[in-house]
Amino acid sequence: MSWEHSGFKSIYQTNTSEKYSYVNVVQKPIEIYVFVDPLCPECWALEPFLKKLSTEYGRFFTIRPIISGHLSTLNKDQFDRPLKIKAIWEKTANRTGMCCDGDLWLENPVSYPWIASLAVKAAELQGKKAGKTFLRKIQESAFLYKQDISCEETLYACAKAANLDIEEFSSDLYSSSAKKAFQCDVKLTKEMEVDYIPTLVFFNQFTEGQGIKISGLYPYDIYVRVLREILEKQPIPSEKPMLEDFLSYYKTVGTKEIAVVYDWSMAKAEREMKKLQLKQKVTRIPVKYGDFWKYEDEQRP
C-alpha cells in the first residue's frame, strides 16, 4: 500500500489561482479515478468509505470506476487456487466487516472473471450511473450470494436489478465497444502505474498540479485529507441524509456501511436497522459475515 503524489499531471490545464465559485462546485472540480476489479475483496471493503465520501463531499467530485483487469487472469486449473482465494476473502471479511463469502470458490467458482469486467463496460454504455449500479449488483452477487458472475444468467439478473435495458445490454455484452472500453481501462491502469487495487487517483480540473494517488485501504480521514489537499481548501461536509433516504437511494447496504457513513458504532447501526425491520421497511439478507439489508420500496400489506 502506498500514499503518494503521482507522477501524472492534471488532465486539465487552467489558472491555478482560480477560486471555487458556486458554478465551479456545480461543475465538480475533482475527478476521482477508482481502480477496482469486481472480484477484489478489498475493493468491496472500500465501499463504506466511498459512500461516506460521496455523502459528505460528493458535491466536489465525480467518481470514475476503472476496471483494472488485475484479476482477469485467474487460473482455475490450479487446484490450490480456490482454497487460497477463499482464505483471502474470509480474512478480508473478518477484518473489514464487509461480507466476502469465500465458499463461492468451492461451491460455485467464477469460471471466466474477465467476462464480469467486460459486462461492467457494457453496462456503462447506458450511462455512468448505470455502470456504477451494475458494478455494485455484481459485487453483491459474488460477495453476498456466492454467484458465478461470469455466468450470463447472473449477469442478466444483475442488469435487471440495475434497471438496465436488457436488450441493449445483451447486444453490448460482447460488442467491440465494450471490449475497447475494457482495453482502455487496462491501458490506463498500466499508464498510471497502478499495481495494487483498490487505488484512487484524485485530479483537480481547475489547477495544473499533479494528481494524488493513494493505493490500498486506509482510514476514512486519509481520503478526506487527500481531497482537502487536491481542492486546496478546507471543504465543509454536507449534512447527512435521513437514514431512510440513504437506504432508498442505495437499496442494499451493509451494517458496516451505515456505521461508517453515520459515524455510529456497529451496535447502534444494527439497532437502527432492526427498528426499520420491525416497521417492515427493510429485509435482512442472510450472509456469512455481518449483516446486509434490502430496502423495501413499498410497505408490505
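Predicted, not measured: the structure shown is a model, and the values here were computed from it. Keep in mind that the numbers below use all heavy atoms, side chains included, and drop hydrogens, waters and symmetry copies.
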- Message: Could you go through I258 and E272, starting from their C-alpha distance and side-chain angles, then the distance that decides it, and tell me whether this counts as side-chain contact (heavy atoms from CB on, under 4.5 Å)?
- Response: CA-CA 10 Å; I258 296 164; E272 294 300 320; over 6 Å; no
- Is any side-chain heavy atom of V120 closer than 4.5 Å to a side-chain heavy atom of F134? yes
- Item | side chain to side chain donor-acceptor pair (under 3.5 Å) involving E107 - partner list, sequence neighbours excluded | K146
- Is L278 atom CG crowded by more than 12 heavy atoms from other residues, nucleotides or ligands, each under 6.0 Å away? yes
- What are the two closest non-hydrogen atoms of L39 and W89, and how far apart are they? O-CZ2, 3.6 Å
- Same hydrophobic cluster for M266 and L276, using side-chain heavy-atom links shorter than 4.5 Å among ILVMFWY? no
- Query: Distance only, no hydrogens: is a donor on one side chain within 3.5 Å (strictly under) of an acceptor on the other, for T283 and E296?
  - Reply: yes
- Hey, is the main chain of V287 close enough, under 3.5 Å, to the side chain of Y145 for a donor-acceptor pair? no
- Message: Check for me, please, whether L50 and Y218 land in the same ILVMFWY cluster - side-chain distances under 4.5 Å, paths through other members count.
- Response: yes
- Examine distances only and state if a side-chain atom of T55 and a backbone atom of K51 form a donor-acceptor pair shorter than 3.5 Å. yes
- Query: Is there a side-chain contact between Y33 and V194 (heavy atoms, below 4.5 Å)?
  - Reply: no
- Message: Determine whether a donor-acceptor pair (N or O, by modelled atom type, separation under 3.5 Å) exists between the side chain of Y289 and the backbone of C100.
- Response: no
- Message: With a 6.0 Å cut-off (strictly less than), is the heavy-atom count around NZ of K268, excluding the residue itself, greater than 12?
- Response: yes
- Test side-chain contact (heavy atoms from CB on, under 4.5 Å) on R284 and W293 and set out the steps. CA-CA 5 Å; R284 186 193 295 267; W293 311 84; 3.4 Å; yes
- Note on the structure: One should read off an interatomic distance between K279 NZ and K275 NZ, to the nearest 0.5 angstrom, of 8.0 Å
- Query: Between atom OG1 of T96 and atom NZ of K91, what is the distance when rounded to the nearest 0.5 Å?
  - Reply: 12.0 Å
- So, do L231 and R228 sit near enough that their side-chain heavy atoms are less than 4.5 Å apart? no
- Just do the salt bridge (Lys or Arg N to Asp or Glu O under 4.0 Å) check on R95 and E42 with the steps written out, would you? CA-CA 10 Å; R95 177 169 53 87; E42 289 208 348; 3.0 Å; yes
- Query: Quick one: do the E56 and Y220 side chains pair a donor with an acceptor below 3.5 Å?
  - Reply: yes
- Query: Do the side chain of T92 and the main chain of I88 share a donor and acceptor less than 3.5 angstrom apart?
  - Reply: yes
- Message: Please evaluate residues L46 and L200 with respect to the criterion side-chain contact (heavy atoms from CB on, under 4.5 Å), reporting the C-alpha separation (whole Å), side-chain torsions for both, the decisive distance (0.1 Å), and the verdict.
- Response: CA-CA 10 Å; L46 180 66; L200 278 64; 3.6 Å; yes
- Going by heavy atoms in the side chains, are L53 and V224 under 4.5 Å from each other? yes
- Is it true that atom OH of Y174 has more than 12 heavy atoms of other residues, nucleotides or ligands lying nearer than 6.0 Å? yes
- Drop me the distance from K128's NZ to I63's CD1, to the nearest 0.5 angstrom. 11.5 Å
- Do P109 and P82 come within less than 4.5 Å of each other through their side chains, counting heavy atoms only? no
- Message: Just so I know, are the side chains of Q277 and K274 near enough to count as touching, which here means a heavy-atom distance under 4.5 Å?
- Response: yes
- Item | ring pair (Phe, Tyr, Trp, His ring centres under 6.0 Å) between F246 and Y250, intermediate numbers included | CA-CA 6 Å; F246 175 81; Y250 285 109; 5.0 Å; yes
- Query: Once the angle between the rings of W44 and F292 is folded into 0 to 90°, is it parallel (under 30°), tilted (30 to 60°) or perpendicular (over 60°)?
  - Reply: parallel
- Following the transitive rule for hydrophobic clusters with a side-chain heavy-atom cut-off under 4.5 Å over Ile, Leu, Val, Met, Phe, Trp and Tyr, establish whether W114 and Y156 coincide in one cluster. yes
- Message: Can you give me the closest heavy-atom contact between P48 and K256, atom names plus distance?
- Response: CG-CG, 4.1 Å
- Message: Hydrophobic clusters here meaning ILVMFWY residues chained together by side-chain heavy-atom distances under 4.5 Å, can you tell me if V226 and Y57 are in one?
- Response: yes
- Task: Report the distance from atom CZ of F35 to atom NZ of K213, rounding to the nearest 0.5 Å.
- Result: 8.5 Å
- Item | Partner set under side chain to side chain donor-acceptor pair (under 3.5 Å) for D103, not counting sequence neighbours | K86, K288
- Does any N or O in the side chain of R136 come within less than 3.5 Å of the main-chain N or O of T252, such that one atom is a donor and the other an acceptor? yes
- Are L217 and I212 connected, step by step, through hydrophobic side chains (Ile, Leu, Val, Met, Phe, Trp, Tyr) whose heavy atoms are closer than 4.5 Å? yes
- Query: Looking at P65 and K121, what are the two nearest heavy atoms and their distance?
  - Reply: O-NZ, 4.2 Å
- Item | Minimum-distance pair of heavy atoms, taken over all atoms of P241 and Y262 | O-OH, 2.8 Å
- Do side-chain atoms of Q147 reach the backbone of E140 as a donor and acceptor pair under 3.5 angstrom? no
- Message: Do E124 and L135 have side chains that approach each other closer than 4.5 Å (heavy atoms only, starting at C-beta)?
- Response: no
- Message: I'd like to know whether NZ of K240 has more than 12 heavy-atom contacts from other residues, nucleotides or ligands below 6.0 angstrom.
- Response: yes
- Item | Minimal non-hydrogen separation, R59 against S238, with atom names | NH1-OG, 2.7 Å
- Task: Please round to the nearest 0.5 Å and tell me the distance separating atom CD1 of I149 and atom CZ of F143.
- Result: 7.0 Å
- Message: Between I115 and E152, is there a side-chain heavy-atom distance shorter than 4.5 Å?
- Response: no
- Between the side chain of N108 and the main-chain N/O of L104, is any donor-acceptor distance below 3.5 Å? no
- Message: So does I166 get a backbone contact from the side chain of S170, meaning a donor-acceptor N/O pair under 3.5 Å?
- Response: no
- Kindly determine whether I67 and V36 satisfy side-chain contact (heavy atoms from CB on, under 4.5 Å), including the steps that lead there. CA-CA 5 Å; I67 307 301; V36 297; 4.1 Å; yes
- Item | Nearest atoms (heavy-atom pairs only) where W105 meets I85 | NE1-CG2, 3.1 Å
- Note on the structure: Separation between CG (D195) and OG (S68), nearest 0.5 Å, reads 10.5 Å
